**Student:** 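Quick one: the structure is below, and I'll ask about it shortly.
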Amino acid sequence: MKRSLFIGILSFTLPYLIANELKQEAAPLGIKIQIKDYVIPGPEVEPKPLNKESAIVLRITSVYPHGNSFRYDFEYYGLEAGSFDLGDYLQGKDKKPMTDPPTLPVTFKSSLAPERMKPNPPDDGKLPRFIKYKHLLIFGAAFWLIGFLLLIFGARKKLNLMESSSPELLSPAEILRPLVEAARKGKLGKEGQARLERTLIIFWRQRMNLTNESPSTALSKIKAHPEAAPLFEKLESWFHCPNPEEPSDLDALLKPYREPKID
Amino acid sequence: MVSYNNHASYIQAIREQISNVVVGQNVVVERLLIALFTSGHILLQGMPGLAKTLLVNALGKAIHLEFSRIQFTIDLLPSDILGSEILDQASGQFTTHKGPVFTNLLLADEINRAAPKVQGALLEAMQERKVTIGDNTYRLPVPFLVIATQNPIEQSGTFELPEAQLDRFMLCHRLQYPTPVEEEEILTRNLNLGIQKEGGGAVANTEFDIVSEDPVGEANDLISVIDAVHKIHVSEVFIKHVVELVSRTRNHSHIELGASPRAGIALIKGARARALIHERDYAIPEDLFALAEDVLLHRMRLNYEALAEGMNTIDVLEDILKTMG
């Protein structure tokens, strides 16, 4: 009972209080202002649609039933400086003008002088007077370019250094010499024997120009070569036979490979 | 049935019987024999119509081995290969129905068309040579050789075998098209296949109809050859060649995944069988070079840099073999 009495009193006094308050202060243009729990007697209302002449943008954010009336939350902001009545921007839910519109006077003020149409130009930067912005851009681009070139040439130099520091690949002839010597002296272990056989295959592939052939085909052709065939036949029986025997003519067999030359 | 005292003549007789049906493909026949003699498995990669199935069929009949063929499809289940337990309603007991994997020679046609779980089931059977159905484990017959095929051009709707599973194939051979002379021979033979009349109708013969049903030699001949392969001498120098080759695949700048120790074992086994086929009692580097591609290529994976440069594994392997000094 007490609560309904309080709401009744408030519904009559609040519009006047707000209207007085709005009258006192002029709001800046474009800044949103809210009115909460404003009761308008009668049927439900809505904002009028905006048009080119609208000086205010008014929205109803919430509507609550309030006895036989409705209670509203408004949100509005001004587009033009001056005094206006929010009641002029309301209409019935049935799109018809209100018979008894509320009085809600509002005032907006402009931050700029009435004759000002353009904003202020931007302030100058904090650059020294002798440096212009264009010069600063050119300097930045040049700095970036130098850094980029240093990065590329620095990396290339490092790559060249790495390549030059890697050990040079020995030719088959150079690998063969110590292996042949070791074989002649009888100091060729199993590892050396394997290396000697593989190097001789590479040596003959290069000598017979079979580098583009598949390894299997190349080896078959090498073993058919009149000069290479006896060597590989004897090496195979020495290295791979179940009962290996060192060839009696090993020295003569390997003599051409002591100072080998590729044709 | 003739029993062969000499391994070479037995192998030659098998090759001749196969060549009555399949023209050329001598290298493939050699690789199949290597896989059979070493209890390995082989993956054949090749375009359709290169007589892969006919070849395996002819081999199976020439050696008097039981032969099964499974066409791998997307909806194949592991039980379709391995077998399953079936409830006998009369006795109320479960009976085991053994799948097509229980054979000597299994042709897994287009293995990459089946889902990974099916591929996995077969590859597990290949490795362990036994199959578990329900609570019982069954050993597969001996010899047990899987010859899988894979079509390299059709990739849609296929499940590529990962390197770990490819590793279980001792050899992966890439079939080539026949030479013009061989192709001419194929066409000429096809002209003379004739027809077969049956009942009231007739049908044109296919190459499968002329595959001889008479096996070469006896079961003991095959056992004798498998035994002989194990007696082929492998020198210490040859082992060093193998180790060098395998380690080079692991340290090459263009290879991300090199050959496994299983690859080295496969190279030695394959070299032994090839030595026997070529009538030697010891392995030589020629065997290594001949088998390197089939043993190593499917076990190698190139790194990103090599792929970006447009290289392939064959280029890299050839580079390794050329510079293996």
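Values reported hereafter were calculated over all heavy atoms of this structure, with side chains retained and with hydrogens, waters and symmetry mates removed. Because the structure is predicted, anything quoted here is derived from the model rather than measured. Lettering of chains follows the sequences in order, A, B, ..., and the numbering in each one begins at 1.
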**Student:** When rounded to the nearest 0.5 angstrom, what distance separates OG in A:S220 from CD in B:E286?
**Tutor:** 4.5 Å
**Student:** Is atom CD of A:E44 surrounded by more than 12 heavy atoms (other residues, nucleotides or ligands) closer than 6.0 Å?
**Tutor:** yes
**Student:** Taking the six-membered ring for Trp, are A:H240 and B:H241 parallel (under 30°), tilted (30 to 60°) or perpendicular (over 60°)?
**Tutor:** tilted
**Student:** How far apart are the closest heavy atoms of A:P215 and B:L321, and which atoms are they?
**Tutor:** CG-CB, 3.4 Å
**Student:** Enter the distance from A:E191:CD to B:E244:CD here, rounded to the nearest 0.5 Å.
**Tutor:** 7.0 Å
**Student:** Identify which part of A:T211 has an atom lying under 4.5 Å from any heavy atom of chain B, answering side chain, backbone, both or neither.
**Tutor:** backbone
**Student:** Testing the basics here: between A:I202 and B:T323, what is the closest heavy-atom pair and its distance to 0.1 Å?
**Tutor:** CD1-C, 3.7 Å
**Student:** In this structure, which one of A:R198, A:Q193, A:R195 forms a side-chain contact (heavy atoms from CB on, under 4.5 Å) with B:V237?
**Tutor:** A:Q193
**Student:** What residue, out of B:I232, B:L291, B:V243, B:I284, has the most heavy-atom pairs lying under 4.5 Å from chain A?
**Tutor:** B:I284
**Student:** Give, as side chain, backbone, both or neither, the part of A:I201 having an atom under 4.5 angstrom from any heavy atom of chain B.
**Tutor:** side chain
**Student:** Given heavy-atom pairs under 4.5 angstrom as the criterion, report whether the side chain, backbone, both or neither of B:A292 touches chain A.
**Tutor:** neither
**Student:** Can you tell me how far CD of B:E293 sits from OG of A:S216, rounded to the nearest 0.5 angstrom?
**Tutor:** 9.5 Å
**Student:** Tell me whether B:E183 at atom CD has more than 12 heavy atoms from other residues, nucleotides or ligands lying less than 6.0 Å away.
**Tutor:** yes
**Student:** Rounded to the nearest 0.5 Å, how far does OG of A:S237 lie from OH of B:Y282?
**Tutor:** 6.0 Å
**Student:** If you take all heavy atoms of A:K190 and B:K240, which pair is closest and at what distance?
**Tutor:** CB-CE, 3.6 Å
**Student:** With side chains defined as the heavy atoms from C-beta onward, is the minimum distance between B:H233 and A:C241 less than 4.5 Å?
**Tutor:** no
